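Input: a single structure, listed below in structure tokens.
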Amino acid sequence: MLDFKHSKPDIVRPRMRDRGIYLLPNLFTTGALFAGFYAIVQAMNGRFEYAAVAILIAMVLDGLDGRVARLTHTQSAFGAEFDSLSDMVSFGVAPALVVYEFALQGMGKFGWIAAFVYCAGAALRLARFNTQLEAPSDKRFFQGLPSPAAAALIASFVWVMVEYEVPGPNVRWVAAFIALFGGLTMVSNFKYYSGKEINLRKSVPFFVILLVMLAFILISTSPPEVLFGVFILYGLSGYVYALMLLMGYKKPALLSSPVTMSLPDEKK
């Protein structure tokens, strides 16, 4: 006869591998975090070219970790949180400090306020993204300028100025405008194309390969100027798209498909 009084219910214990941390995607996230920290150190030492390149490298690594996690089916809540904290350092704190050390520190209160507006904008952008993961949205567009693109805009600007030997104080007002533009646009409601619908496993026309090769050639010939121009155009694209909608332009067929649920993504 069973003694139900003293019997204990079965306890389901979580498997150890469920509580583990996936190494591969978090290696890319750690690399992005290191690049952001390295940019801060180099800016403090006055090596602004190294700082700018480090931020751009962090952007590349940040774009890889989420895709690697999805391809290898190693998404995790830890990875998403770690990625967000890494982004705050690499695309929030690091660009703000780099542009402040390069051009804004001689402007007094307005200089550090402009840098703080950018930093605060990045924090709010990441927080809003994390809270809207489960909300219905069109995954083809970002709401507000993505923080990696805003950071790359500042980094490429600093890189161009260093390349042409333009002292930071000579362009401090331009630097302040870019910092304010990036910080405020990150928390705006303007739509920016995300590129998430691009499927690299599908066949493409031959001219697409030619365009990719041309892009690599242009970047390799003059990286600072090309990257700065690309991110300026991307930063303005949200305003242009909003103006087009305001003027009554119809959405192209590519942009008029029904809204889908966005999957949790480790990108901002």
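The model shown is predicted, which means the values in this text are computed figures rather than measured ones.
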Ignoring hydrogens, what is the shortest heavy-atom contact between [X] and [Y]? Give both atom names and the distance.
{"X": "P95", "Y": "A151", "answer": "CG-CB, 3.5 Å"}
{"X": "G182", "Y": "Y118", "answer": "C-CD1, 4.1 Å"}
{"X": "M59", "Y": "A152", "answer": "SD-CB, 3.6 Å"}
{"X": "A96", "Y": "C119", "answer": "CB-CB, 4.1 Å"}
{"X": "G238", "Y": "Y192", "answer": "N-CE2, 3.3 Å"}
{"X": "N26", "Y": "G79", "answer": "OD1-CA, 3.7 Å"}

Would you please indicate yes or no on a ring centroid separation below 6.0 angstrom for Y239 and F190? yes
Aromatic plane relationship, F82 with F78 - under 30° parallel, 30 to 60° tilted, over 60° perpendicular: tilted
Under the ring-ring contact (aromatic ring centres under 6.0 Å, His included) test, residues paired with [X] that sit two or more places apart:
{"X": "F34", "result": "none"}
{"X": "F28", "result": "none"}
{"X": "Y38", "result": "none"}
{"X": "W112", "result": "none"}

Same cluster or not: are [X] and [Y] linked, directly or through other Ile, Leu, Val, Met, Phe, Trp or Tyr residues, by side-chain heavy atoms under 4.5 angstrom apart?
{"X": "I40", "Y": "Y50", "result": "no"}
{"X": "V187", "Y": "I113", "result": "no"}
{"X": "I232", "Y": "V98", "result": "yes"}
{"X": "V60", "Y": "L227", "result": "yes"}
{"X": "M244", "Y": "M247", "result": "yes"}

Candidates Y100, F157, F102 - the one meeting ring pair (Phe, Tyr, Trp, His ring centres under 6.0 Å) with F48: F102
For residues [X] and [Y], determine if any side-chain heavy atom of one lies less than 4.5 Å from a side-chain heavy atom of the other.
{"X": "S147", "Y": "L126", "value": "yes"}
{"X": "L33", "Y": "F37", "value": "no"}
{"X": "S194", "Y": "F141", "value": "no"}
{"X": "S86", "Y": "V89", "value": "no"}
{"X": "E225", "Y": "Y164", "value": "yes"}
{"X": "P146", "Y": "R125", "value": "yes"}
{"X": "E163", "Y": "E49", "value": "yes"}
{"X": "F91", "Y": "D62", "value": "yes"}

What's the spacing between [X] [atom1] and [Y] [atom2] if we round to 0.5 Å?
{"X": "L61", "Y": "D83", "atom1": "CG", "atom2": "CG", "value": "11.0 Å"}
{"X": "R128", "Y": "N130", "atom1": "CZ", "atom2": "CG", "value": "11.5 Å"}
{"X": "S188", "Y": "F181", "atom1": "OG", "atom2": "CZ", "value": "8.5 Å"}
{"X": "L27", "Y": "L64", "atom1": "CG", "atom2": "CG", "value": "12.0 Å"}
{"X": "Q75", "Y": "D65", "atom1": "CD", "atom2": "CG", "value": "11.0 Å"}

Whether the side chain of [X] engages the backbone of [Y] through a donor-acceptor N/O pair (distance < 3.5 Å, no angle test) should be reported.
{"X": "E101", "Y": "L97", "answer": "no"}
{"X": "R47", "Y": "A43", "answer": "no"}
{"X": "S84", "Y": "A80", "answer": "no"}

Among V166, I178, V160, V158, side chain to side chain contact (heavy atoms under 4.5 Å, CB included) partner for V171: V166
With side-chain contact (heavy atoms from CB on, under 4.5 Å) as the criterion, how do I55 and S90 come out once you've worked through the C-alpha distance, each side chain's angles and the decisive distance to 0.1 Å? CA-CA 7 Å; I55 292 175; S90 301; over 6 Å; no
Can you sort out the partners of A176 under side-chain contact (heavy atoms from CB on, under 4.5 Å), two or more places apart, ordered by chain and number? L104, M107, F110, A114
Could you go step by step and tell me if Y234 and L153 meet the side-chain contact (heavy atoms from CB on, under 4.5 Å) rule? CA-CA 9 Å; Y234 184 73; L153 177 61; over 6 Å; no
Trace of the side-chain contact (heavy atoms from CB on, under 4.5 Å) decision for L124 with M186: CA-CA 8 Å; L124 293 172; M186 278 189 286; over 6 Å; no
Using atom types as modelled, flag every donor-acceptor pair under 3.5 Å from a side chain in residues 211-220 to any protein atom, sequence neighbours excluded.
unit_1	atom_1	unit_2	atom_2	d
S220	OG	F216	O	3.1
S220	OG	I217	O	2.8

